[in-house]
Asks: 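Attaching a single structure in structure tokens format; questions to follow.
Lettering follows sequence order; numbering is per chain, from 1. None of the values given here were measured: they were computed from a predicted structure.
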Amino acid sequence: MTTKSLKKINLTISGMTCASCVVHVESALKGVPGVEGATVNLATGKAGVEYDPSVTAVRAMKDEVDAIGYGVVLDVVQFHVLGMMGSHCEEIIKKALADVPGVYRVVVSSSTESARIEYIRDLVTPAEIRGLIQGLGYAVAEKAEGQGALDREREAREREVRRQLVNMAIAWPLGILVMLGTFQPYWFLPSIVPSWLNNKVLLFFLTTPIVVGPGRQFFVNSWNGLRRGITDMNLLYATGIGAAYLIAVINTFWPQAGFGGREATFYEASALLTAFIVLGRYLEAVTRGRTSEAIRRLMKLQPKRARVFRDGQEMEVTAEEVQVGDLVLVRPGESIPVDGVVEEGYSSVDQSMVTGESIPVEKKAGDEVIGGTMNKTGAFKFRATRVGSETALAQIIKLVEEAQLSRAPIQALADKVAGHFILGVHALALAVFLFWFFLGYSQWFTPESRLMLTPYTLAEMGVFGFALLVSMTVLIISCPCAVGLATPAAIMAGTGKAAEHGILFKGGDAVEATSKVRFVIFDKTGTLTRGEPSVTDVLALGSTEEEVLRLAACAERGSEHPLGEAIVREAQARSLRLDEPQEFNAVPGHGIEARVNGTQVVLGNRRLMEQRGVSLDGVLSQVERLEEDGKTVMMVAATGRLVGLVAVADTLKETSAQAVKSLQRMGIKVAMITGDNRRTANAIARKLGIDRVLAEVLPEDKAIEVKKLQAEGYKVAMVGDGINDAPALAQADAGIAIGSGTDVAKETGHVILIKDDLMDVIAAVQVSRRTMRLVRENLAWAFGYNTLAIPLGAGLIYPFFAQVVSPELAALLMAVSSLSVTLNTQRMRGYVPPIRRAGRRREAHAGEQALQQAGRRTA
Amino acid sequence: MKRVGLVSLPIYTSMALLVSGAFLGITVAGDYTWVARAGGAAWVFGLSMIVLMPIVIPAVKKRMGA
């Protein structure tokens with residue numbers, strides 16, 4: 001049996017406008033042999049494709065997508081290529097690049113010494129392409145006008161906006177003229193509109209450019225889909241516009257044909273229908289661009305240039321050319337080009353754009369710096385550790401992009417409905433036509449019939465014309481554009497907003513799961529606590545605290561035990577002078593013995609003291625009190641006499657208690673899970689106000705505990721270290737990996753918190769709840785519209801009011817529905833999680849106080 | 001893909017013709033003009049094609065293992 005090695009890429013698709021376009025593109029991609037899976041997101045305009053590179057290539061996917069009327073947006077890089085000697089050299093470069101996965105088209109010109117390469121950035125980088133050409137023996141320099149993926153994407157969107165603007169410029173003025181001409185005999189119009197504008201032949205000449213110009217896209221796209229067995233929105237438009245236009249033409253040139261005669265030439269229906277649809281498309285193209293603002297902002301952070309030292313020379317290169325191991329110089333006010341470790345210099349760096357931290361972080365030798373963040377005060381040199389697609393920023397962008405591509409479970413239903421909707425709508429239109437043809441017309445038709453909100457009477461309308469009109473209106477009014485956009489637009493806005501705050505959701509399902517969480521389990525060590533023990537109490541019996549600590553630290557100097565290290569750290573922090581111990585002896589499980597400056601020191605637990613004959617009279621009650629608090633107590637004896645106690649414990653993080661309290665206030669239950677003994681665990685839990693403690697749980701059993709809570713009916717979030725707690729994180733409904741820092745890719749879990757701050761757990765829940773509220777609102781707008789509009793369009797109220805919805809009114813309602821969804825989504829732009837708003841207020845208050853104090857001191 | 005299209009074409013076309021033929025048959029029994037009958041049959045044929053194509057083509061594709 002052979003195993004397939006599948007590859008995953010994200011393609012940017014242009015030309016998608018509605019939910020059925022998603023189905024359309026997905027079907028086309030899935031139809032390419034070798035493609036194992038495809039997920040298309042309308043809001044991001046991206047397609048995630050999983051494929052077998054041994055069977056197919058991007059070329060085949062692009063060709064298939066192009067063939068159904070959409071496009072794959074490619075990245076473009078241009079190089080100056082020196083050393084080519086004519087067409088032979090051009091062919092060599094073309095052939096060499098043709099086999100590179102991800103390279104789509106290569107144009108090489110020896111006369112202009114240039115090469116233009118269209119490629120997919122997920123598969124190949126400009127640096128690799130450049131390296132390949134250089135490997136062939138040519139000198140290569142990147143042209144300054146080479147544009148990144150961001151520019152390409154923006155360009156494609158702007159092209160679509162421009163295209164629809166041109167369409168509007170044709171459709172609207174002509175459409176208004178046609179409308180004025182059609183309605184010329186009614187209302188007050190005869191006094192201001194000349195009667196010749198009502199000439200049907202003139203109206204034909206005014207309408208035709210709209211149908212064959214801006215309306216052409218609907219006919220071409222629907223035909224391209226239909227011949228592959230795919231129906232989409234374009235088909236609804238095409239049948240609606242086409243039928244209205246055809247009837248008007250027949251009534252103009254063959255008025256006796258029985259379609260209602262010259263008084264039933266609905267040229268304005270096809271003209272305004274096209275105009276409204278084009279308006280809808282224009283608005284969607286504009287607003288869709290805005291919803292992906294967050295990811296664009298992240299992409300903009302990627303610096304373009306870097307200053308590196310090579311061969312002892314400082315030189316400026318593109319950020320893409322920086323290699324691991326390069327020494328990079330960053331001056332004040334410059335962006336850090338790639339990830340690395342500071343070697344020389346000191347500065348403060350604003351990391352807010354990546355981690356969400358509002359206060360700049362100090363950087364000195366040995367500290368990590370993140371590419372894309374902003375250097376504030378000083379200059380420093382750092383050694384590049386991660387470049388290109390490996391940088392934290394690139395990983396975050398990729399993660400957010402993938403999250404925006406994935407679907408929330410709530411979306412699955414919406415997509416399913418929208419995907420089959422078009423077919424259903426056509427079946428409904430057929431049923432409605434048959435109903436009004438055979439039954440409705442003869443039962444209810446009256447000569448006073450009108451088109452809603454128009455002066456039109458349908459008096460001369462025959463059975464066919466009337467049934468056709470209602471059937472056509474159903475086609476237009478049922479368009480589920482808004483349904484397709486409702487969920488992805490909200491998920492995209494939510495995940496983007498979360499990323500701005502250093503919270504990375506791995507997908508729409510993670511957003512949905514987090515919003516439903518009713519129980520949060522925190523791992524203790526490293527999550528609620530700092531994960532490294534530190535000295536909490538020093539008790540001196542006769543001498544000073546410093547002397548007790550110094551003795552203990554001197555004895556522990558040679559120790560590698562975490563408790564010993566904590567004591568040495570504390571002594572160093574207090575600047576105590578430490579001497580080297582002599583005769584160091586570790587007593588496994590009990591403590592150590594050492595000689596310090598001639599004094600015999602014993603440091604350890606009660607049993608060691610008893611073994612060495614050290615009296616513990618008078619301190620036992622204090623020892624027990626400290627142990628009750630979850631601390632490990634070590635006794636210090638010098639020359640056989642107890643001189644003091646040193647208590648060591650894993651300390652709580654600053655925000656742990658506050659985070660637990662905030663969650664409880666939100667109605668979420670909190671538990672703590674740990675491998676520690678119950679007494680220590682209870683002590684920590686007491687301090688935090690956690691009443692459910694899962695103690696003495698082995699790492700591999702943590703997932704079982706999560707499962708038990710799930711069996712109790714809770715939606716459970718597990719917060720822990722993304723690497724050690726992987727099984728529990730995976731088992732939880734929402735696995736939240738905390739404090740991953742910059743190495744995002746390594747993390748398991750559904751949600752990744754870049755910062756080591758538990759308040760972000762609350763922020764994650766708040767963002768997810770807000771996002772899901774937005775999804776529900778959007779779906780209500782979209783489905784609500786269809787639920788109300790379809791019966792109206794099918795003529796439900798006609799028997800009572802003798803009025804039917806006109807096709808152009810249906811188109812207007814449809815455009816308004818899409819617009820309401822996109823505008824509603826825009827509300828997420830200014831959203832700040834409430835917990836963060838409170839945090840900012842606290843920071844601002846602290847800042848004000850500091851300023852006031854400084855002012856008083858100056859005075 | 002092309003082969004699937006060729007095999008599907010006569011299937012959905014004949015089914016749509018059948019539906020519009022039935023429509024025409026019913027109208028003949030009633031009091032309708034020929035324009036209404038012919039126009040109606042054409043509209044029914046068009047909509048039937050649109051409904052049938054996305055049903056028939058994938059079914060044929062599945063059957064042919066394409």
Side-chain angles (χ1 to χ4, degrees), chain A residues 20 23-24 27-28 30-33 64 67 222-223 225-232 235-236 238-239 242-243 246-247 250 254 256-260 419-420 422-434 436-439 441-442 461-469 471-472 474-475, chain B:
Chain A
S20 55
V23 182
H24 215 146
S27 307
K30 283 176 184 164
V32 177
E64 195 60 28
S222 55
W223 173 244
L226 208 52
R227 66 199 177 99
R228 282 171 173 76
I230 305 163
T231 49
D232 69 353
L235 191 59
L236 292 181
T239 37
L246 204 66
I247 293 175
I250 293 172
W254 300 278
Q256 305 309 317
F259 285 87
H420 294 94
I422 315 294
L423 192 65
V425 167
H426 278 90
L428 182 69
L430 182 60
V432 165
F433 176 80
L434 295 175
W436 284 102
F437 191 95
F438 289 118
L439 198 70
Y441 185 85
S442 57
M461 196 70 120
V463 60
F464 170 59
F466 187 80
L468 185 64
L469 179 75
S471 172
M472 227 162 58
V474 168
L475 288 181
Chain B
M1 187 69 211
K2 217 166 187 176
R3 216 169 104 73
V4 173
L6 283 174
V7 175
S8 318
L9 180 76
I11 302 173
Y12 57 70
T13 310
S14 54
M15 286 168 84
L17 279 172
L18 214 69
V19 177
S20 55
F23 173 86
L24 211 57
I26 297 168
T27 57
V28 170
D31 182 24
Y32 297 100
T33 63
W34 273 105
V35 171
R37 282 177 190 144
W43 185 244
V44 168
F45 175 74
L47 287 181
S48 303
M49 284 281 276
I50 289 169
V51 172
L52 288 166
M53 279 168 87
I55 297 172
V56 172
I57 295 174
V60 171
K61 201 169 168 182
K62 207 169 162 187
R63 216 170 181 143
M64 291 173 72

Asks: Check whether the ring centres of B:Tyr32 and A:Phe464 lie less than 6.0 Å apart, and answer yes or no.
Replies: no
Asks: Among residues at least two apart in sequence or on other chains, which ones pass side-chain contact (heavy atoms from CB on, under 4.5 Å) with A:Leu430?
Replies: A:Leu434, B:Val44, B:Leu47, B:Ser48
Asks: For B:Phe45, check ring pair (Phe, Tyr, Trp, His ring centres under 6.0 Å) against everything at least two apart and list the hits.
Replies: none
Asks: Heavy-atom pairs under 4.5 Å with chain A - which of B:Thr27, B:Val19, B:Leu52 has more of them than the others?
Replies: B:Thr27
Asks: List the atom of A:Ala427, the atom of B:Val51, and the distance in Å for their closest heavy-atom pair.
Replies: N-CG2, 3.7 Å
Asks: Look at the aromatic rings of B:Phe23 and A:Phe433 and report parallel, tilted or perpendicular, splitting at 30° and 60°.
Replies: tilted
